[in-house]
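Have a look at the structure below before the remarks.
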2 protein chains.
Amino acid sequence: MGLSERKEREKAELKELILDAAKRILLKNGKEGLSIRKIAHAIEYSPATIYLYFPDKDAILHELMEIGFGLMSKYLVPAFAEQDPVQRIHAIGKAYAKFGMENKDWYDLMFNSEKPMKHIEKCAEEWDQGMAMFNFLTASCKQAIDLLGLKGIDERILALHFWSTVHGLVNLAHSDRLEIIERNQTRQLIDKTLEAAMASIFRI
Amino acid sequence: MGLSERKEREKAELKELILDAAKRILLKNGKEGLSIRKIAHAIEYSPATIYLYFPDKDAILHELMEIGFGLMSKYLVPAFAEQDPVQRIHAIGKAYAKFGMENKDWYDLMFNSEKPMKHIEKCAEEWDQGMAMFNFLTASCKQAIDLLGLKGIDERILALHFWSTVHGLVNLAHSDRLEIIERNQTRQLIDKTLEAAMASIFRI
DNA sequence: AAAGTTAATAAACAGTGTTCATTGAATCCA
DNA sequence: TGGATTCAATGAACACTGTTTATTAACTTT
């Protein structure tokens with residue numbers, strides 16, 4: 001019963017081929033420009049073939065999302081290694097924003113799309129990479145709170161405050177709203193605001 | 001030369017009819033469900049007719065965006081009237097978040113879409129309602145800074161910090177990320193985080 | 001060799017935004 | 001009034017989109 005080993009390997013290989021093509025098209029044409037038909041054309045198969053390997057387009061986007069977290073961790077790992085929790089949080093914020101600014105389409109897929117995570121039961125499992133990052137941030141916040149002797153502050157709320165600030169900045173930048181506030185200063189605005197957030201949150 | 005007054009009035013009337021239908025469809029079917037063909041069907045005209053009154057779909061979305069700012073101001077006006085600048089900023093944040101949570105599609109159109117504002121030269125003019133709101137927030141921040149005697153703080157950065165926090169929260173809520181962090185607590189998370197932001201920013 | 005299995009596909013369906021030649025009715029002018 | 005002109009409205013087409021299904025063709029098993 002079941003597929004022979006060779007069959008399974010071939011199936012996995014074509015799945016990988018599809019994802020690779022999807023990745024390339026995402027990088028070249030953006031989220032809007034990514035279509036089943038373009039993927040099919042890129043790998044020289046018919047569009048219908050894609051549906052033998054993925055139930056629908058959302059499934060492909062979801063797998064891309066997980067690849068995106070892999071990319072993002074390259075930005076975050078050095079920040080995670082920072083000894084001082086306050087500096088670590090700052091470094092995480094800067095790395096997060098850098099990833100967001102340099103990988104708009106990935107970021108959109110990972111943090112702004114609701115489609116690839118329709119059912120909350122599933123997404124709690126499937127967004128585990130995102131959750132792991134948030135939990136690490138929360139733990140760092142707890143350390144910072146203890147270190148600075150801040151009282152009556154919930155580390156989860158603190159982490160959420162920090163995350164939403166950076167997430168908000170990245171999204172405002174992506175939709176060109178920061179450009180409206182001050183032309184050609186987007187990066188500086190993000191850096192300065194991040195510093196101001198750190199200063200006010202940790203009362204430096 | 002030029003259109004007679006009656007002609008112009010008729011033209012404006014049909015334009016209004018199109019926008020009204022677009023508004024209804026946006027509210028019922030969301031941003032994705034809003035199509036030229038559905039608008040045409042709703043007003044019982046052919047799709048091609050729409051293009052006699054608007055250059056393209058983006059132009060319609062842009063006009064809807066301006067209508068959205070009208071809706072939003074209903075939420076914000078009471079907050080704007082608040083006497084104490086610190087409480088005013090808090091009230092603005094709460095009203096902004098309330099609008100965002102209760103009007104997802106409008107919010108998306110006004111703050112997350114880049115399409116309706118392709119050229120930055122234009123959008124500086126055409127996003128003037130958004131800019132006016134941000135400038136008012138900045139002015140309130142300046143007042144709060146003076147009132148509390150905070151030193152070395154740029155009111156523009158402070159306003160941006162506050163805006164990006166609330167914007168980030170609303171977007172995280174819209175993409176169900178807050179639901180992942182803590183199930184069925186989205187509203188409370190937003191309120192608490194907003195309070196924490198106020199406390200840390202103004203050192204209460 | 002015949003039967004069974006299955007990967008791949010062509011074609012279709014129901015949508016999308018947008019363009020353009022044609023129609024038909026209202027307006028203008030002689 | 002009659003003919004010319006103008007122009008709003010449209011049907012039909014183009015090039016796309018995601019997805020489904022019956023059919024083909026190749027490979028595997030008996």
Side-chain angles (χ1 to χ4, degrees), chain A residues 1-19 21-22 25-26 28-65 105 108-109 113-118, chain B residues 1-19 21-22 25-26 28-65 105 108-109 113-118:
Chain A
M1 44 154 263
L3 289 67
S4 78
E5 228 170 81
R6 209 204 77 231
K7 280 270 175 79
E8 253 181 67
R9 207 176 51 243
E10 277 176 3
K11 200 161 176 105
E13 269 168 22
L14 191 41
K15 215 172 165 180
E16 211 57 45
L17 217 67
I18 292 170
L19 285 176
I25 295 167
L26 179 72
K28 222 169 258 175
N29 303 76
K31 200 183 166 188
E32 308 291 281
L34 176 61
S35 76
I36 297 284
R37 292 175 133 95
K38 274 181 197 157
I39 296 171
H41 183 260
I43 61 171
E44 294 181 292
Y45 278 80
S46 87
T49 304
I50 309 282
Y51 289 86
L52 299 176
Y53 297 85
F54 294 91
D56 53 25
K57 195 187 176 184
D58 279 354
I60 296 174
L61 292 180
H62 190 273
E63 296 236 25
L64 282 179
M65 192 185 85
D105 294 304
D108 225 45
L109 213 58
S113 59
E114 35 186 345
K115 268 191 186 167
M117 16 186 29
K118 271 172 188 161
Chain B
M1 40 151 260
L3 289 69
S4 80
E5 229 170 82
R6 211 204 76 233
K7 279 270 175 81
E8 255 182 67
R9 207 175 52 242
E10 277 175 3
K11 198 161 179 105
E13 270 169 22
L14 191 41
K15 215 172 165 179
E16 211 57 43
L17 217 67
I18 292 170
L19 286 175
I25 295 167
L26 179 73
K28 220 168 259 174
N29 303 74
K31 201 184 166 187
E32 306 292 280
L34 175 61
S35 76
I36 297 282
R37 291 173 134 96
K38 274 181 196 155
I39 297 171
H41 183 259
I43 61 171
E44 294 180 293
Y45 276 81
S46 88
T49 305
I50 309 282
Y51 288 87
L52 299 176
Y53 296 86
F54 294 91
D56 53 25
K57 196 186 176 186
D58 279 354
I60 296 174
L61 292 179
H62 190 272
E63 296 235 24
L64 282 179
M65 192 185 84
D105 294 305
D108 226 43
L109 214 56
S113 58
E114 34 185 346
K115 269 192 186 165
M117 15 186 31
K118 271 172 190 163

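Note that the structure is a prediction, hence the values are computed from the model and not measured. Naming: A, B, ... by sequence-line order, numbering from 1 per chain.
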Looking across every strand, which nucleic acid part, if any, lies under 4.0 Å from A:L34 by heavy atom: base, sugar-phosphate, or nothing?
-> sugar-phosphate

Without decimals, in angstroms, what is the distance between [X] [atom1] and [N] [atom2]?
X: A:I36; N: C:dT9; atom1: CD1; atom2: C1'; result: 15 Å
X: A:I60; N: D:dT19; atom1: CD1; atom2: C1'; result: 12 Å
X: A:N29; N: D:dC16; atom1: CG; atom2: P; result: 12 Å
X: A:D56; N: D:dT17; atom1: CG; atom2: P; result: 17 Å
X: B:I39; N: C:dT18; atom1: CD1; atom2: P; result: 11 Å
X: A:I25; N: D:dT17; atom1: CD1; atom2: C1'; result: 14 Å
X: A:K38; N: D:dC16; atom1: NZ; atom2: P; result: 9 Å
X: A:L17; N: C:dA8; atom1: CG; atom2: P; result: 11 Å

Closest non-hydrogen atom pair between [X] and [Y], with its separation:
X: A:T49; Y: A:Y45; value: CG2-CD2, 3.6 Å
X: A:G33; Y: A:I25; value: O-CG2, 3.6 Å
X: A:L26; Y: A:D105; value: O-OD2, 3.7 Å
X: B:I18; Y: B:I43; value: CG1-CD1, 3.7 Å
X: A:L64; Y: A:L109; value: CB-CD2, 3.6 Å
X: A:Y53; Y: A:K15; value: O-CE, 3.7 Å

Does B:K57 reach the main-chain N or O of B:I36 with its side chain, forming a donor-acceptor pair under 3.5 Å?
-> no

Polar side-chain atom of B:D56 near backbone of B:A59 as donor-acceptor pair, under 3.5 Å | yes

Which of the following nucleotides, D:dT17, C:dA8, D:dT19, is nearest to the side chain of A:Y53?
-> C:dA8

Do A:H41 and A:K38 pass the side chain to side chain contact (heavy atoms under 4.5 Å, CB included) test, and can you show the C-alpha distance, the side-chain angles, and the key distance before you say yes or no?
-> CA-CA 5 Å; A:H41 183 260; A:K38 274 181 197 157; 5.6 Å; no

To 10°, what angle do the rotation axes through the five end pairs on each side of the helix from C:dA1-D:dT30 to C:dA30-D:dT1 form?
-> 30°

Taking DNA chain D as the partner, which of residues 42-52 of chain B come within under 4.0 angstrom of it by heavy atom?
-> B:Y45, B:S46, B:A48, B:T49, B:L52

Under 3.5 Å, is there an N or O donor on one side and an acceptor on the other linking the side chain of B:R37 and the base of C:dG15?
-> no

